Q: 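Dropping a structure here in structure tokens format, bear with me for questions.
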There are 2 protein chains.
Amino acid sequence: MLEYIILGFLMDRELSGYDLKQTMASSTSYFFDASFGSIYPALKKLETRGDVRATEVVDGGKFKKLYAIQATGRETFRAWLAGPIPFSRTKPDHLIPVFFYRFLSPEERKERLEKLISEAQAVLGELAAQEEDVACKADLYQHSALAFGLQYYRLVIDWCRRLLQEDAVTSYIETGDGGQ
Amino acid sequence: MLEYIILGFLMDRELSGYDLKQTMASSTSYFFDASFGSIYPALKKLETRGDVRATEVVDGGKFKKLYAIQATGRETFRAWLAGPIPFSRTKPDHLIPVFFYRFLSPEERKERLEKLISEAQAVLGELAAQEEDVACKADLYQHSALAFGLQYYRLVIDWCRRLLQEDAVTSYIETGDGGQ
DNA sequence: CGTTCCATGTAAGGCGTTACATGATTAC
DNA sequence: GTAATCATGTAACGCCTTACATGGAACG
């Protein structure tokens, strides 16, 4: 996962390991964050694979290794972003690809979001079923945890639907044909 | 984490590794789940430590190892539940202790929930600040991810407040003094 | 009599963290 | 001059997953 996120950030501009850490801290830290201990080895691995290439520079008297994404890296990233991303119940992983949705076509985005909605609805259905047979044997706190789960998945679904709508409007404005 | 959750489930009744897996699947799987590959070694570790004790039984012609929590195990669990649990931004870990809140006193619950609220508010504040300086340079999708974060933390805060209130009412009914 | 479910466990490996080690530059 | 920040990296370890290995019982 980390490797793809790094590639995603490098899609826009060259960054060092330190830059990546800072970028994450100020943009994705509420759903994804990584330590230096995982960022640096990940960059090394990406370089070995040829997905990125490092340039050693001195910027303002400071030594830096700037990593630039290569053609194969862009391909790796695209393939990951366009491919199926397993739905996680225990982490808001669905936010990660969304962060990079600008690299997908309107059709691909629509497909992804609709899939996300159906997956979230499936879990919501399960939780709703749990709520019924749990109402008697569960205590206030277990019930409250379940209530959180229900609200959480409703939030996910509403949020996806809103994004789907906004995206359709934006695509319409940009292309004049609603992405058809 | 897993070890404590196992202890939490064993607080009520004896369970086997298989039972634990099933119990999680039908109660905590939307915020916590574990595979057999982690459950069995965890039980072994807990047994070595003396927190649980196993009894081999034959139930309906099927071999089973039922684990019973011991006094030291109850103490271990209590200490974990009453102690500070690091706030995670990337996982809804805050739900885990709540699931076992019945083992805390009303005062402890109140303290925990208030702390959770203040931690969530701190993150919400950060995200709100991000939203302002990000509004121009972020695209629809990055902005949407941030919007999800904002709504998520609002949900966490509202949910904590509601639980805090419900808990106060329940404690009042049960003890007749609101837990004072 | 084969498939599914019950039930326990191990081995290898992935993916990440914390703590450590190093050194330059900047700010006070 | 010393503390904070910038910057890179390694080593040890934690904690979990997947895949595998095994075997009995129940269902049709």
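The shown structure was predicted, so the numbers you read here are calculated from the model rather than taken from an experiment. All chains are named by letter (A, B, ...) in the order of the sequence lines, taking the proteins before the strands, and each is independently numbered beginning at 1.
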Q: Please confirm whether the shortest side-chain N or O distance from Ser38(B) to OP1 or OP2 of dT17(D) is below 4.0 Å.
A: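 Ser38(B) to dT17(D) OP1/OP2: side-chain N or O found under 4.0 Å.
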Q: Looking only at heavy atoms, what is the nearest atom pair of Ser88(B) and Asp93(B), with distance?
A: CB-OD2, 4.0 Å
Q: To the nearest Å, how far apart are Leu15(A) CG and dT8(D) C1'?
A: 16 Å
Q: How close do Tyr40(B) and Tyr18(B) get, heavy atom to heavy atom, and via which atoms?
A: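 Nearest pair, atom of Tyr40(B) first, then Tyr18(B): OH-N, 3.6 Å.
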Q: Quick one: bend of the helix from dC1(C)-dG28(D) to dC28(C)-dG1(D) from 5 pairs per end, to 10°?
A: 30°
Q: Need one value for Asp59(B): base, sugar-phosphate or nothing, where a base atom within 4.0 Å counts as base even if backbone is also close, heavy atoms only.
A: nothing
Q: Base, sugar-phosphate or nothing for Gly61(B)? Non-hydrogen atoms, less than 4.0 Å.
A: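 Gly61(B): backbone/sugar contact only, no base atoms under 4.0 Å.
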Q: Mind checking if Tyr67(B) touches a base, just sugar-phosphate, or nothing, with heavy atoms under 4.0 Å?
A: sugar-phosphate
Q: Would you name the heavy atoms of Lys65(B) and Ala54(B) that are closest together and state the gap between them?
A: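 Residues Lys65(B) and Ala54(B), closest heavy atoms: CE-CB, 4.1 Å.
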Q: Would you mind reading off the distance between Glu56(A) atom CD and dT8(D) atom C1', rounded to a whole angstrom?
A: 10 Å
Q: Given atom NZ of Lys64(A) and atom P of dT5(D), what is their separation to the nearest angstrom?
A: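 In whole Å, dT5(D) P lies 17 Å from Lys64(A) NZ.
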Q: So, OP1 or OP2 of dT10(D): does either fall under 4.0 Å of a side-chain N or O from Lys44(A)?
A: yes
Q: Students often mix this up, so state it plainly: with edges at 30° and 60°, are the rings of Phe77(B) and Trp80(B) parallel, tilted or perpendicular?
A: tilted
Q: Base, sugar-phosphate, or nothing: which does Phe63(B) touch, judged by heavy atoms less than 4.0 Å apart?
A: sugar-phosphate
Q: In whole Å, I'd like the distance from the NZ atom of Lys62(B) to the P atom of dC6(C).
A: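 The distance from NZ of Lys62(B) to P of dC6(C) comes to 7 Å, rounded to the nearest Å.
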Q: In residues 74-91 of chain B, what residues come within less than 4.0 Å of DNA chain D, judged by heavy atoms?
A: none
Q: Hey, which sits more toward the 5' end of DNA chain C by its nearest nucleotide, Lys65(B) or Gln22(B)?
A: Gln22(B)
Q: Nearest whole Å is fine: how far is dA21(D) C1' from Phe36(B) CZ?
A: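 Interatomic distance, CZ of Phe36(B) to C1' of dA21(D): 15 Å.
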Q: So, OP1 or OP2 of dT17(C): does either fall under 4.0 Å of a side-chain N or O from Ser35(A)?
A: yes
Q: What's in the same ILVMFWY side-chain cluster as Val58(A), cut-off under 4.5 Å, chained through other members?
A: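 Val58(A) shares its hydrophobic cluster with no other residue.
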Q: Rounded to the nearest Å, what distance is computed from the CG atom of residue Leu43(B) to the C1' atom of nucleotide dG9(C)?
A: 11 Å
Q: Would you say that more than 12 heavy atoms from the other residues, nucleotides or ligands in this model lie under 6.0 Å from the CZ of Arg102(B), or not?
A: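 Check passes, neighbour count above 12.
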Q: On DNA chain D, check which nucleotide each of Met1(B) and Ser16(A) is closest to and give me the residue with the more 5' one.
A: Ser16(A)
Q: Starting at atom CE of Met24(B), determine the distance to atom C1' of dT17(D), rounded to an integer number of angstrom.
A: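 Distance, rounded to whole Å: 14 Å.
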Q: Which residue, Arg109(A), Glu111(A), Lys110(A), forms the side chain to side chain contact (heavy atoms under 4.5 Å, CB included) with Leu104(A)?
A: Arg109(A)
Q: Base, sugar-phosphate or nothing for Gly37(B)? Non-hydrogen atoms, less than 4.0 Å.
A: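 Base, at least one base atom sits under 4.0 Å.
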Q: What nucleotide, of dT10(D), dC15(C), dA26(D), holds the atom closest to the side chain of Lys45(A)?
A: dC15(C)
Q: If Ile, Leu, Val, Met, Phe, Trp and Tyr residues are connected whenever their side-chain heavy atoms lie under 4.5 Å apart, and connections chain through other members, are Tyr30(A) and Phe87(B) in the same group?
A: yes
Q: For the pair Lys64(B) and Asp19(B), evaluate salt bridge (Lys or Arg N to Asp or Glu O under 4.0 Å) and give the outcome as yes or no after the intermediate values.
A: CA-CA 10 Å; Lys64(B) 259 194 173 191; Asp19(B) 295 337; 3.1 Å; yes
Q: For Ala34(B), report the nucleic acid contact type (base, sugar-phosphate, nothing); a contact means any heavy atom under 4.0 Å.
A: sugar-phosphate
Q: Between Ile5(B) (CD1) and dC16(D) (P), how many Å, whole number?
A: 8 Å
Q: How are the rings of Phe100(B) and Phe9(B) set relative to one another: parallel (under 30°), tilted (30 to 60°) or perpendicular (over 60°)?
A: perpendicular
Q: Please determine whether the number of non-hydrogen atoms from other residues, nucleotides or ligands lying under 6.0 Å from atom CD of Glu108(A) exceeds 12.
A: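 More than 12 within 6.0 Å, yes.
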Q: For the side chain of Tyr40(A), counting heavy atoms from C-beta on, which of dT8(D), dC16(D), dG16(C) is nearest?
A: dT8(D)
